[in-house]
Structure formats: C-alpha cells, structure tokens
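Pasting a structure below so you can have a look.
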Amino acid sequence: MVKYNSILKDVKAVLKQTEIPIETGIFSKKAPDEYLVITPMSDVFELFADNLPQHEIQEARLSLFSKRNYMERKNEVVDLLMAADFTISDRRYVGFERDTGYHHFSIDVAKEYEMNFIMEGE
C-alpha cells in the first residue's frame with residue numbers, strides 16, 4: 001500500500017497565508033477581485049527500484065486572476081512556493097479579460113515526492 005502525497009493540498013497549505021481564495025479546477029463561488037484556481041497537470045513516477053517507483057513528480061498550474069495590479073501578488077505567490085521547495089517551471093501573463101476585468105497570470109509548479117510504502121498492519 002502507498003501513502004500518496006498531494007500537490008494540491010500542499011500548494012493550498014503554503015498559500016493559505018496570502019488569504020487569496022483558492023479552488024481546484026474552477027472557481028465555483030462568486031468571484032472576488034482576486035483569486036487562484038489550481039489545475040492538476042501531471043503525476044509522473046520517477047526513479048524505479050525493484051520494479052516499484054521511488055519518487056513521483058506532481059505538476060499543477062496556478063491561475064491567478066486579479067482586477068488589481070497582479071505583479072505584487074504574483075511575486076508573493078512565487079516567493080512562497082520557492083521557499084517551500086516547489087519548482088516553478090513556467091510563469092506567464094495570459095492576458096487581460098475584457099469581459100470580466102481580470103488580469104490572468106499562470107504559474108506552473110512541480111514538486112517531487114518520495115514514495116511512502118506502508119506495509120500491511122502498519
């Protein structure tokens with residue numbers, strides 16, 4: 001049996017201190033002036049031994065939506081994630097959405113997890 005880690009849970013825990021509302025996949029509530037949406041991108045097993053994966057790399061895309069100047073928030077989010085040992089693989093301005101008034105900035109993150117195998121009865 002394997003105890004699986006979750007990049008979604010870990011990103012939310014790290015970014016909780018920003019007080020930016022965060023949801024996974026789609027923001028389902030009435031959108032505030034600033035919010036984050038996390039979209040899972042991949043889970044890849046890396047480094048095998050004895051036919052079992054020893055590590056996995058999980059990746060997710062964070063979409064920051066802001067009606068304000070997004071630059072400070074983008075930097076705050078990136079700094080917090082890097083301090084928590086996340087890899088930032090891409091950052092890009094997606095654009096200004098005229099119909100909603102939001103700036104959209106995406107940040108791709110990855111984290112490597114060691115596989116934790118739990119023996120029966122533990």
- Query: CG of Leu36 to CZ of Phe105: how many Å apart, nearest 0.5 Å?
  - Reply: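 Separation between the atoms: 11.5 Å.
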- With sequence neighbours excluded, tell me which residues meet side chain to side chain donor-acceptor pair (under 3.5 Å) with Thr18.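 Applying side chain to side chain donor-acceptor pair (under 3.5 Å) to Thr18 gives none.
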- Message: Rounded at 0.5 Å granularity, tell me how far CD in Gln58 sits from CG in Leu8.
- Response: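 Rounded to the nearest 0.5 Å, the CD-CG separation comes to 7.5 Å.
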- Query: Apart from Val94 itself, what residues make up its hydrophobic cluster, given side-chain heavy atom links below 4.5 Å?
  - Reply: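 Answer for Val94: none, a lone residue.
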- Task: Can you measure from CG (Asn5) to CD (Glu114) and round to the nearest 0.5 angstrom?
- Result: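 The distance works out to 9.5 Å.
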- Message: Using the side chain to side chain contact (heavy atoms under 4.5 Å, CB included) definition, which of the options Ile57, Val109, Asp43 pairs with Ile7?
- Response: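 Checked Ile57, Val109, Asp43 against Ile7; only one passes side chain to side chain contact (heavy atoms under 4.5 Å, CB included): Val109.
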- CG of Leu15 to CZ of Arg73: how many Å apart, nearest 0.5 Å?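 Reported value, rounded in 0.5 Å steps: 10.0 Å.
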- Would you kindly confirm whether Val37 and Met41 end up in one hydrophobic cluster when ILVMFWY residues are joined by side chain heavy atoms under 4.5 Å apart?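 No, no single cluster joins them.
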- Query: Asp108 and side chain to side chain donor-acceptor pair (under 3.5 Å): which partner among Arg92, Arg91, Arg61?
  - Reply: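 The side chain to side chain donor-acceptor pair (under 3.5 Å) with Asp108 is passed solely by Arg61 among Arg92, Arg91, Arg61.
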- Hey, what do you get for NE2 (His104) to OH (Tyr93), rounding to the nearest 0.5 Å?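 One finds 10.0 Å between NE2 of His104 and OH of Tyr93.
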- Message: If hydrophobic clusters are built from ILVMFWY residues whose side chains come within less than 4.5 Å, do Tyr35 and Phe96 share one?
- Response: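 Looking at the clustering, Phe96 is in a separate group from Tyr35.
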- Query: Taking the side chain from Gln17 and the backbone from Leu80, do they hold a donor-acceptor pair closer than 3.5 Å?
  - Reply: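 No; zero donor-acceptor contacts below 3.5 Å.
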- Message: Looking at Lys67, I'd like to know if its NZ atom is crowded, meaning that more than 12 non-hydrogen atoms belonging to other residues, nucleotides or ligands lie closer than 6.0 Å.
- Response: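 Yes, the 6.0 Å shell around NZ holds more than 12 heavy atoms from other groups.
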Side chains of residues 19-27: which donor-acceptor partners sit under 3.5 Å, not counting sequence neighbours?
unit_1, atom_1, unit_2, atom_2, d
Glu23, OE1, Ser28, N, 3.1
Glu23, OE1, Ser28, OG, 2.8
Glu23, OE2, Ser28, OG, 3.4
Thr24, OG1, Lys12, NZ, 3.1

- Task: Could you pull out all residues at least two apart from Arg98 that satisfy side chain to side chain donor-acceptor pair (under 3.5 Å)?
- Result: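 Expected list: none.
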- Message: Can you list everything that forms a side chain to side chain contact (heavy atoms under 4.5 Å, CB included) with Arg68? Sequence neighbours excluded, please.
- Response: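 Expected list: Asp33, Glu34, Ser66.
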- Give me the ring orientation class for Phe65 and Tyr102: parallel if the planes are under 30° apart, tilted from 30 to 60°, perpendicular past 60°.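 Because their plane-to-plane angle is over 60°, the rings of Phe65 and Tyr102 count as perpendicular.
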- Query: Using links of under 4.5 Å between side-chain heavy atoms of ILVMFWY residues, direct or through other members, which residues join Val44 in one cluster?
  - Reply: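 For Val44, no cluster forms, as it stays isolated from other hydrophobic side chains.
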- Would you say the side chain of Asp10 lies within less than 4.5 Å of the side chain of Tyr113, judging by non-hydrogen atoms?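 The answer is yes; the side chains approach within 4.5 Å.
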